Participant: 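Quick one: the structure is below, questions incoming.
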Amino acid sequence: MADRRGITRGPKIKLLDEREPVHSPMHLQIMFESFGGAKIDLDSVKVTYLRNPNVDLTPRIKPFLQSAGIDIPDVELPVGEHMVRIDVKDSDGRIGSTSILLKVAP
């Protein structure tokens, strides 16, 4: 049996309101959770709209970025499904990543 001591977890990323569908404009809140006393490295946060080609949304969300997560009061989204990937590192270099599907109704 492998020795499990010392195993650490990377940051967790969670959409706070997971009701579907959402309506535009919406309040987008994404929470970051770090473990083992590590802090979220805000410079490492990357938000990508997954489409062809992918769109880097990071510059647009920077003003709404906090150590606790992303909090944007009025996000305007077109009707449809939007897949967004969020990548983040903590101060110990551990990586967390998740994809969120936002289904926007008329």
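These figures come from a predicted structure and were not determined experimentally. In this chain, residues are counted from 1 in sequence order.
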Participant: Met26 and His23: which non-hydrogen atoms are nearest, and at how many Å?
Facilitator: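 Shortest heavy-atom separation between Met26 and His23 comes out as CB-O, 3.4 Å.
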Participant: Establish whether Ile70 and Leu16 are linked, either directly or via other cluster members, by ILVMFWY side-chain heavy-atom contacts under 4.5 Å.
Facilitator: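 In one cluster with Ile70: Leu16, no.
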Participant: Will you find, in the side chains of Ser91 and Asp41, an N or O donor that is under 3.5 Å from an N or O acceptor?
Facilitator: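 Side chains of Ser91 and Asp41: no pair found under 3.5 Å.
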Participant: Please give me the minimum heavy-atom distance between Asp90 and Arg9, naming the atom from each residue.
Facilitator: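 Closest approach of Asp90 to Arg9, heavy atoms only: OD2-O, 4.3 Å.
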Participant: From Ile72 CD1 over to Leu28 CG, what is the distance, rounded to the nearest 0.5 angstrom?
Facilitator: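 Those atoms lie 5.0 Å apart.
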Participant: Should Phe64 and Ile30 count as side-chain neighbours, where that means a heavy-atom distance under 4.5 Å?
Facilitator: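 Phe64 does not reach Ile30 side chain to side chain.
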Participant: Of all heavy-atom pairs between Lys62 and Leu42, which one has the smallest distance, and what is that distance?
Facilitator: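 Smallest heavy-atom distance, with atoms named: NZ-O, 3.5 Å.
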Participant: Just how far is it from atom CZ of Phe32 to atom OG1 of Thr98, taken to the nearest 0.5 Å?
Facilitator: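 That separation rounds to 11.0 Å.
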Participant: Just how far is it from atom CD1 of Ile86 to atom NZ of Lys46, taken to the nearest 0.5 Å?
Facilitator: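 Rounded to the nearest 0.5 Å, the CD1-NZ separation comes out at 13.0 Å.
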Participant: Check whether Thr58 reaches the backbone of Val47 with its side chain - one donor and one acceptor, N or O, closer than 3.5 Å.
Facilitator: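 Yes; at least one donor-acceptor contact below 3.5 Å.
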Participant: To check you understand the geometry: which heavy-atom pair defines the closest contact between Pro106 and Val79, and what is its length?
Facilitator: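 Scanning both residues completely, I find the closest heavy atoms to be CA-CG2, 3.7 Å.
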Participant: Taking the side chain as C-beta and beyond, is there a heavy-atom pair between Gln29 and Asp17 under 4.5 Å?
Facilitator: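 No, their side chains stay 4.5 Å or more apart.
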Participant: A side-chain contact here means heavy atoms from C-beta on lying under 4.5 Å apart; do Arg94 and Pro11 qualify?
Facilitator: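 A side-chain contact under 4.5 Å exists here.
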Participant: Which pair of heavy atoms, one from Ser24 and one from Leu77, lies closest together, and at what distance?
Facilitator: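 Minimum heavy-atom contact is OG-N, 2.7 Å.
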Participant: So which atom in Asp87 and which in Arg85 form the shortest heavy-atom distance, rounded to 0.1 Å?
Facilitator: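 Closest approach of Asp87 to Arg85, heavy atoms only: OD2-NE, 3.1 Å.
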Participant: Hey, is NZ on Lys12 packed in by over 12 heavy atoms from elsewhere, all under 6.0 Å?
Facilitator: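 Open.
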Participant: Could you state the interatomic distance from CD1 (Ile13) to OG (Ser99), rounded to the nearest 0.5 Å?
Facilitator: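 The CD1 atom of Ile13 sits 9.0 Å away from the OG atom of Ser99.
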Participant: Once rounded to the nearest 0.5 Å, what's the spacing between atom CD1 of Ile61 and atom CG of Leu65?
Facilitator: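 Rounded to the nearest 0.5 Å, the CD1-CG separation comes to 5.0 Å.
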Participant: Do Tyr49 and Asn54 come close enough that some side-chain heavy atom pair is under 4.5 Å?
Facilitator: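 Heavy-atom side-chain distance check fails, nothing below 4.5 Å.
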